[in-house]
Undergrad: 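A single structure is presented below for examination.
We count ligands from 1, going down the list as the structure has it; atoms in each ligand are counted the same way.
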Amino acid sequence: MSTYVIDGQELHIRDNRRNAPVALLIHGWSSSWFTWTPLLQALGTRYSYMAVDLPGYGRSPAPKHPITIDWYADLMAKLIEEASDRPVVVLGHSMGGQIAMTLALRHPMLVERLILLNPVVSGRLSTFINLFVAPHILLERTRLGGKILSYLENTPLSYINQLMKPILFAERAAISQQDYDRIRADARRPGQGRVRAACYEAMKMGDLRGKLKQIQPPAQVIWGAEDNTVPLRDAGAVADEWPQADLRLIPNAGHWPHFEQYETTMRYIASFLGLPILPSLPNDQVQQQRDLDVGEIAQFLSNTELGQDLSESQRLRVAGLCHQHHFAPQDVLALEDSSGDELFIVQDGQVDVLVRISNELGIEESRRVNVLMAGQIAGEMALIQGKGGRRTADLRAGKSGATVLSIDSRYLFALFEDDASLGLKLMQNLARSLVQRLRVQNWQLQLAEQRAEVHR
Ligand SMILES: Nc1ncnc2c1ncn2[C@@H]1O[C@@H]2COP(=O)(O)O[C@H]2[C@H]1O
């Protein structure tokens, strides 16, 4: 844990303190950094994560002044400025999602991407919460009320437990007793009644309906389909007002999809952030990927054959899969007839395409048939043939070497499966590049024919 002091406010933060891009994680109402435990290991492969205890929750003391969502968002903005010299990825759960969106609206320059889990949008929680939980919250505002409640809670009836479970989790959700106990302990932590009551009001005041379409950074919104805390009508507002957001509903999950359906939630997040989704991939690839600036690669992709007509968030997803390699002049990227499981994008320098051809004496020689420049792709032919596809030519770095991005075909196919419309666009782009090359070859053949005609 680290402690920051921002504007006199003490903040306790669970972090892994790496020299890597920052991911800021903001928990929800009546919670703590613990919210993020299922995701920390995977996020830590690429990010220096900071799972904050918001003021008034976990180990961070409550402020003396009234709490608003704007205040939380501005405090998070100052924390980002303190911890990072570039925009960061922000994850928010529930009320933390409302804070994250407010942060992106008020400080768009600080947010590279948003991932929101069951975020509060309208601030109007479910009828269940409003009918059964709100009275407790109002009671808890006073010290005496808090005492009465904790007394009732410790009776054999333990009725608060009966109330909480169906509100928080789907009926068939997979959540361990241990995790449930910790989430419940956070929600009922003594001494936080005043902050819980203040936040209940702050969420209503922080209504984001009508503002969602102004959010600039690319966003993924994940929602447990059986959420009984933040109603799905808020997901409806996202669908209506914010079509750019990548909205995913997860069955058999309630308000805590990352605990209840970890694998599906993690797969969505991993593909949005370009984290390794295939645990079998060698570690060194993950290592290389950590140091790449995904934002810069995404920017570069917009001028490549593969990245044409993709939205910014789609380019970011593809960029997250790229590895960068530097090749000295004449170095081999791929050999004819070998099996190929990578797609290449020339980033800098040139790549020669060489095929083996038998000359008049029947001796095989290597002939250069093409030179690929920055932005062009190579290796698509083996990829399109699928498993066991063979390279149709040698690929070698040109005279002054080459910097090349590569994408493992397993990542790419996993992405196609996960996001069919992005997959279709990428396949169209691969096909377009092949069509263009065939056209050039037909034209070159015609030209050669015409020249031969003249000489006859
Ligand atoms: N005639 C050509 N013109 C341009 N590129 C080619 C040509 N023949 C092969 N290639 C590229 O060379 C790559 C070798 O690996 P692949 O067969 O996977 O994919 C091939 C194409 O990307």
Side-chain angles (χ1 to χ4, degrees), residues 278 281 285 297 300-310 318-319 321-359 364-417 423-452:
L278 304 164
L281 278 183
Q285 291 203 14
I297 299 289
F300 167 74
L301 284 178
S302 59
N303 300 314
T304 65
E305 289 178 322
L306 189 70
Q308 283 177 60
D309 300 333
L310 301 189
V318 178
L321 306 183
C322 290
H323 298 273
Q324 192 179 50
H325 310 268
H326 301 286
F327 292 98
Q330 306 302 316
D331 270 1
V332 175
L333 282 76
L335 282 176
E336 189 173 338
D337 224 26
S338 64
S339 65
D341 49 18
E342 279 173 311
L343 179 71
F344 302 107
I345 306 161
V346 184
Q347 200 183 0
D348 201 11
Q350 292 179 359
V351 171
D352 293 338
V353 182
L354 305 130
V355 290
R356 269 171 258 149
I357 293 175
S358 300
N359 65 17
E364 255 194 5
E365 54 183 31
S366 211
R367 193 171 300 166
R368 191 168 78 172
V369 292
N370 218 322
V371 181
L372 304 175
M373 321 286 276
Q376 290 192 289
I377 50 179
E380 75 292 346
M381 289 178 161
L383 191 94
I384 287 169
Q385 288 173 64
K387 219 172 159 36
R390 306 245 146 218
R391 298 285 185 209
T392 57
D394 286 351
L395 293 171
R396 278 177 192 275
K399 281 200 294 287
S400 47
T403 301
V404 173
L405 299 174
S406 75
I407 306 179
D408 187 298
S409 61
R410 290 172 298 173
Y411 276 143
L412 205 61
F413 290 132
L415 181 67
F416 289 3
E417 264 178 35
L424 177 66
K425 276 190 186 172
L426 291 171
M427 280 307 268
Q428 273 177 329
N429 286 348
L430 292 182
R432 197 178 292 154
S433 144
L434 271 173
V435 167
Q436 182 61 18
R437 280 175 206 177
L438 269 178
R439 284 215 174 103
V440 170
Q441 280 202 336
N442 290 348
W443 168 73
Q444 285 171 337
L445 267 177
Q446 268 176 5
L447 213 64
E449 275 294 314
Q450 283 165 7
R451 284 192 187 135

Undergrad: What protein heavy atom lies closest to atom 15 (O) of ligand 1? Include the residue and the distance to one decimal.
TA: R391 CD, 3.1 Å
Undergrad: Who are the side chain to side chain contact (heavy atoms under 4.5 Å, CB included) partners of D394, not counting sequence neighbours?
TA: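 For D394, the residues satisfying side chain to side chain contact (heavy atoms under 4.5 Å, CB included) (neighbours in sequence not counted) are L335, E336, L354, R356, S366.
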Undergrad: Taking atom CD as the centre, does E449 end up with more than 12 heavy-atom neighbours from other residues, nucleotides or ligands that are less than 6.0 angstrom away?
TA: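 No, not enclosed.
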Undergrad: Report yes if some N/O of G379 lies less than 3.5 Å from some N/O of ligand 1; otherwise report no.
TA: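 Between G379 and ligand 1, an N or O pair is found under 3.5 Å apart.
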Undergrad: Please tell me if the side chains of R391 and D337 come closer than 4.5 Å, counting only heavy atoms from C-beta onward.
TA: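 Result no, sub-4.5 Å side-chain heavy-atom pair not found.
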Undergrad: Which ligand 1 atoms, with their elements, are less than 4.0 angstrom from a heavy-atom of R437?
TA: 4 (C), 5 (N), 22 (O)
Undergrad: I'd like to know whether CZ of R432 has more than 12 heavy-atom contacts from other residues, nucleotides or ligands below 6.0 angstrom.
TA: yes
Undergrad: Can you sort out the partners of N303 under side chain to side chain contact (heavy atoms under 4.5 Å, CB included), two or more places apart, ordered by chain and number?
TA: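 N303: no side chain to side chain contact (heavy atoms under 4.5 Å, CB included) contacts found.
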Undergrad: Minimum heavy-atom separation for L333 to A397, with atom names?
TA: CD1-N, 3.6 Å
Undergrad: Identify the protein heavy atom lying closest to atom 9 (C) of ligand 1, giving its residue, its atom name and the separation to 0.1 Å.
TA: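 Result for atom 9 (C) of ligand 1: T392 OG1, 3.4 Å.
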Undergrad: If you compare all heavy atoms of T392 against all heavy atoms of V355, which two are closest, and at what distance to 0.1 Å?
TA: O-CG1, 3.7 Å
Undergrad: Number the atoms of ligand 1 from 1 as they appear, then name those within less than 4.0 Å of a heavy atom of Q441, with their elements.
TA: 1 (N), 2 (C)
Undergrad: Where does V353 meet ligand 1, judged by heavy-atom distances below 4.0 Å: at the side chain, the backbone, both, or neither?
TA: side chain
Undergrad: Show me which atoms of ligand 1 lie under 4.0 Å from any heavy atom of A382.
TA: 16 (P), 17 (O), 18 (O)
Undergrad: Taking only heavy atoms of N370 into account, list the atoms of ligand 1 that are under 4.0 Å away from them.
TA: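 Going through ligand 1 atom by atom, the ones under 4.0 Å from N370 are 3 (N), 4 (C).
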Undergrad: Give a yes-or-no answer on whether the side chains of H325 and S406 include a donor-acceptor pair shorter than 3.5 Å.
TA: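 Side chains of H325 and S406: pair found under 3.5 Å.
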Undergrad: Of all the non-hydrogen atoms in the protein, which one sits nearest to atom 21 (C) of ligand 1, and at what distance?
TA: E380 OE2, 3.5 Å
Undergrad: With backbone taken as N, CA, C and O and side chain as the heavy atoms from C-beta onward, which portion of D394 lies under 4.0 Å from ligand 1: side chain, backbone, both, or neither?
TA: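 It is neither part, as no heavy atom is under 4.0 Å.
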Undergrad: Numbering the atoms of ligand 1 from 1, which are under 4.0 Å from a heavy atom of A393?
TA: 9 (C), 12 (O), 14 (C)
Undergrad: Heavy-atom distances under 4.0 Å decide this one: backbone, side chain, both or neither, for M381 against ligand 1?
TA: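 Contact part for M381 vs ligand 1: both backbone and side chain.
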